[in-house]
Amino acid sequence: MEVGQMQRQWVDYTKSLVFEGFLDGQFLQLQQLQDENNPDFVVEVVSLFFEDSERLLNDLTFALDQNGGVDFKKVDAHVHQLKGSSSSIGAQRVKNCCVAFRNFCEEQNTDACLRCLQQVKQEYCLAKNKLETLFRLEQQIMAAGGSIPMIELSF
């Protein structure tokens with residue numbers, strides 16, 4: 001596939017991630033911070049998000065699996081952290097799940113929190129797979145001697 005075609009595919013795929021609600025304008029702003037001096041900026045930031053999120057999801061799973069009673073303050077703190085990190089990279093659907101999750105923490109509703117945990121895990125996995133696909137496409141463009149196009153979307 002020629003570079004121009006890969007670049008168009010990358011633009012279309014990125015736009016679809018925004019229009020489907022997986023990503024928001026924050027992700028596009030992150031991309032604008034990337035330049036020749038720091039060509040892996042977005043991949044590095046998102047990789048840190050992946051590491052942090054997986055740790056937080058494990059912590060949440062453990063915190064909600066307590067037979068002696070759930071510490072909802074601790075659960076809420078983990079969800080708050082996940083919401084912040086997902087918001088900072090523009091993972092909109094993960095962030096939106098966290099908003100509902102925090103409401104159920106406030107209500108101390110264990111069953112609803114467990115359902116939210118499953119939903120957050122699912123949205124996280126979807127976002128991770130889609131971002132990894134986007135990054136593979138970027139690698140192919142760069143390997144072919146091309147550059148990553150800039151996208152501007154109005155919201």
Side-chain angles (χ1 to χ4, degrees), residues 1-64 75-106 112-155:
M1 190 182 319
E2 59 106 359
V3 173
Q5 192 176 358
M6 285 189 285
Q7 288 171 323
R8 282 187 296 282
Q9 185 181 1
W10 182 89
V11 167
D12 291 344
Y13 189 66
T14 303
K15 285 182 178 179
S16 76
L17 294 180
V18 172
F19 292 129
E20 291 169 20
F22 286 103
L23 300 175
D24 62 21
Q26 182 64 33
F27 183 78
L28 300 177
Q29 288 180 355
L30 262 186
Q31 288 179 317
Q32 291 175 351
L33 296 174
Q34 184 166 290
D35 59 21
E36 302 83 36
N37 297 329
N38 199 352
D40 298 325
F41 177 74
V42 175
V43 171
E44 289 170 4
V45 170
V46 172
S47 294
L48 290 172
F49 166 71
F50 291 158
E51 289 171 24
D52 198 37
S53 296
E54 287 175 26
R55 179 187 52 79
L56 287 166
L57 290 170
N58 286 335
D59 290 349
L60 281 165
T61 301
F62 180 77
L64 286 168
V75 171
D76 186 59
H78 293 318
V79 175
H80 181 70
Q81 238 184 320
L82 183 59
K83 178 181 166 237
S85 60
S86 58
S87 181
S88 71
I89 68 138
Q92 185 175 11
R93 284 168 53 162
V94 175
K95 179 192 76 173
N96 291 345
C97 286
C98 290
V99 171
F101 201 154
R102 291 196 71 201
N103 290 334
F104 290 123
C105 285
E106 209 172 287
C113 283
L114 287 166
R115 284 193 302 276
C116 280
L117 176 60
Q118 293 312 310
Q119 189 178 5
V120 167
K121 284 180 177 180
Q122 181 179 347
E123 289 298 341
Y124 167 74
C125 287
L126 283 169
K128 183 177 182 186
N129 288 336
K130 293 194 179 283
L131 285 165
E132 286 173 341
T133 298
L134 185 69
F135 295 150
R136 275 193 302 277
L137 191 50
E138 285 181 9
Q139 288 173 333
Q140 292 170 356
I141 292 168
M142 298 304 282
S147 61
I148 307 305
M150 280 290 134
I151 294 182
E152 289 189 29
L153 296 173
S154 52
F155 291 92

Any donor-acceptor pair under 3.5 Å linking the side chain of [X] with the backbone of [Y]?
X   : Y    : answer
Q31 : M150 : no
S16 : Y13  : yes
Q34 : V42  : yes

Within this structure, what is the [atom1]-[atom2] distance for the pair [X] and [Y], rounded to the nearest 0.5 Å?
X    : Y   : atom1 : atom2 : value
L56  : Q81 : CG    : CD    : 4.5 Å
L117 : C98 : CG    : SG    : 10.0 Å
L23  : S86 : CG    : OG    : 11.0 Å

Charged N-O contact under 4.0 Å between R8 and E2: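 Salt bridge: yes.
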Less than 4.0 Å between a side-chain N and a carboxylate O, is that true for R55 and D52?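 A salt bridge links D52 with R55.
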Find out whether [X] and [Y] are in side-chain contact, i.e. whether some heavy atom of one side chain is under 4.5 Å from a heavy atom of the other.
X    : Y    : result
S147 : I141 : no
E132 : F50  : yes
K128 : F49  : no
E106 : D76  : no
L134 : F27  : yes

Name the one of K83, R93, K95 that satisfies salt bridge (Lys or Arg N to Asp or Glu O under 4.0 Å) with E123?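 That would be R93; it is the only one of K83, R93, K95 passing the salt bridge (Lys or Arg N to Asp or Glu O under 4.0 Å) with E123.
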Start with the C-alpha gap between L60 and F101, add the side-chain angles, then the distance that decides, and say whether side-chain contact (heavy atoms from CB on, under 4.5 Å) holds. CA-CA 11 Å; L60 281 165; F101 201 154; 4.3 Å; yes
